[in-house]
Amino acid sequence: MFERLERMPDDPILGLMAAFRADPDTRKVDLGVGVYRNDKGETPVLDAVRKAEAAVLARQTSKTYVAPAGNAGFNQAMEKLVFGEGHPTVKANRVRTIQAPGGCGALRVGAELIRAAYPDAVVHVSTPTWANHVPLLTGSGIKLERYPYYDSATGGVNFSAMMEGLEKLQKGAIVLLHASCHNPTGADLSDQQWRDILALVQRRGLVPYIDMAYQGLGTGIAEDAFGPRLFAAELPEVLVAVSCSKNFGLYRERTGALHVINQTTTGADAILTQLVRIARTIYSMPPDHGAAIVHEILTNDALRGSWTDEVGTMRARIARLRTAAVAQLAKAAPQEDFSFIARQHGMFSFLGVDKDQVRELREKHHVYMTDDSRINIAGLKDDNIAYFADAVAQVVK
Ligand SMILES: Cc1ncc(COP(=O)(O)O)c(C=O)c1O
């Protein structure tokens, strides 16, 4: 039977990781895979996570099943983290949350919910968007289309083109938005732009689906959630898929949540039964460990304080690297303008060089990034920024 199956093409990111590992040059720089790194180039376990994990393990007396919707305490703590304490829609009991296997799991459960409600649904994603959005969303059977977003001339959002694109959508169309730290461009919406999109969404009857994978890594924990908080307060229906992979450093623990806002509490109850059904048809129940850790951190004042500081350190390091990269690039390649890198947020930016230049950076200079020239800023270090900038200067000259 399986002889009928053809081999799939290699995953470009995994290929890039393997090539980096195999490169013996000591100057090599890994700007490929999207994980946070500290000054030593490591992705360490956060202090708050270590402590919470010890407390969780010490208390744990059973490994019996939890529930298809996951850890109820985690779900409640995530509602508070994402929407803020005392959010009117949470208070009105119009939010239902299901723990999911990472942000990816949350995105997929949300897509399945959309398809169940509306089999011909079309989700509109930004141009460009995170490559995994495509298989995660279309894998459920819903269709995907694109709206304009990134402006390579400015390194910002082409907001008028975005609004024009959204204005043309049919009532009921789903619009996927990145809450902050847009992946892959780093170009984020301002608070005013979120307000403008809200007005358009209300006027046109669109349904927002927000992906928040970097809360706290852009401008702040509350600041990065401006869009989800505003939309949840003002709209009858919103989906928010959240990942704890980056801001809690829990990548392999597969920890995330899907929040669904409904117009009424009875509607919200019905949605929760659908979410549970979907979980049961895919993975039955989410893994518990990461969610138990996040729950412990968010409900213990000392751990929460330490986690907030650690997220602040990650955010500050990224911002500092952005400024330093711009300064070094300006020195090494004064004819080019890379100042947009410092105006963007989160781990990613497009360097804006072509495929051949990306290859040259990799083969001649041992600087690794994806073919679209997306760089993970957190992959830079104080002692290799100048090397990176010189390498870029040599390929763009
Ligand atoms: C935009 C975006 N959404 C969602 C995710 C989900 O990540 P995970 O499934 O590892 O939690 C990521 C991770 O890279 C991401 O960049």
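Quantities reported herein were computed from a predicted structural model and do not represent experimental measurements. Read the numbers this way: they start at 1 and go in the same order the structure lists the ligands and their atoms. Excluded from the calculations below are hydrogen atoms, water molecules and symmetry mates; all remaining heavy atoms, backbone and side chain alike, are included.
Across all non-hydrogen atoms, the minimal contact from Asp188 to Gln193 is O-OE1, 4.2 Å. The minimum heavy-atom distance linking Arg343 with Thr154 is given by the pair NH2-O, 3.3 Å.
In this structure, the protein non-hydrogen atom closest to atom 4 (C) of ligand 1 is Trp130 CZ3, 3.3 Å. In this structure, the protein non-hydrogen atom closest to atom 3 (N) of ligand 1 is Asp211 OD2, 2.6 Å.
Under a 4.0 Å criterion applied to the non-hydrogen atoms of Gly103, ligand 1 contributes the atoms 6 (C), 8 (P), 9 (O), 11 (O). For ligand 1, the atoms sitting less than 4.0 Å from at least one non-hydrogen atom of Lys246 are 13 (C), 14 (O), numbered in the order shown with element in parentheses. Of all atoms in ligand 1, numbered sequentially from 1 with element shown, those under 4.0 Å from a heavy atom of Cys104 are 6 (C), 8 (P), 9 (O). The contact set between ligand 1 and Ala213, taken as ligand atoms under 4.0 Å from a residue heavy atom, comprises 2 (C), 3 (N), 4 (C), 5 (C), 12 (C), 15 (C). Residue contact check: Ser243 has heavy atoms under 4.0 Å from atoms 7 (O), 8 (P), 11 (O) of ligand 1. Atoms of ligand 1 lying under 4.0 Å from at least one heavy atom of Gly102, given by number and element, are 9 (O), 11 (O).
Two rings, from His259 and Phe83, have their centers less than 6.0 Å apart. Taking the six-membered ring for Trp, His178 and His133 have ring centres closer than 6.0 Å.
Of the residues listed (Leu137, Ile142, Leu136, Thr138), the one engaging Ser140 in a side-chain contact (heavy atoms from CB on, under 4.5 Å) is Ile142, and it is the only one.
Only the side chain of Tyr214 comes within 4.0 Å of ligand 1, judged by heavy-atom distances.
In this structure, Lys28 is not positioned above the aromatic face of Tyr368 in the sense of NZ or CZ being under 6.0 Å from the six-membered ring centre and within 45° of the axis.
For Thr299 (side chain) and His295 (main-chain N/O), a donor-acceptor pair under 3.5 Å exists by modelled atom type.
A side-chain donor-acceptor contact under 3.5 Å links Gln192 and Asp196.
In this structure, Arg254 has a heavy atom closer than 4.0 Å to ligand 1.
Remark: among candidates Ala131, Ala100, Ser245, Gly256, the nearest residue to atom 11 (O) of ligand 1 is Ser245, based on non-hydrogen atoms.
In terms of polar-atom proximity, Thr255 is not counted as a contact of ligand 1, lacking any N or O under 3.5 Å from an N or O of the ligand.
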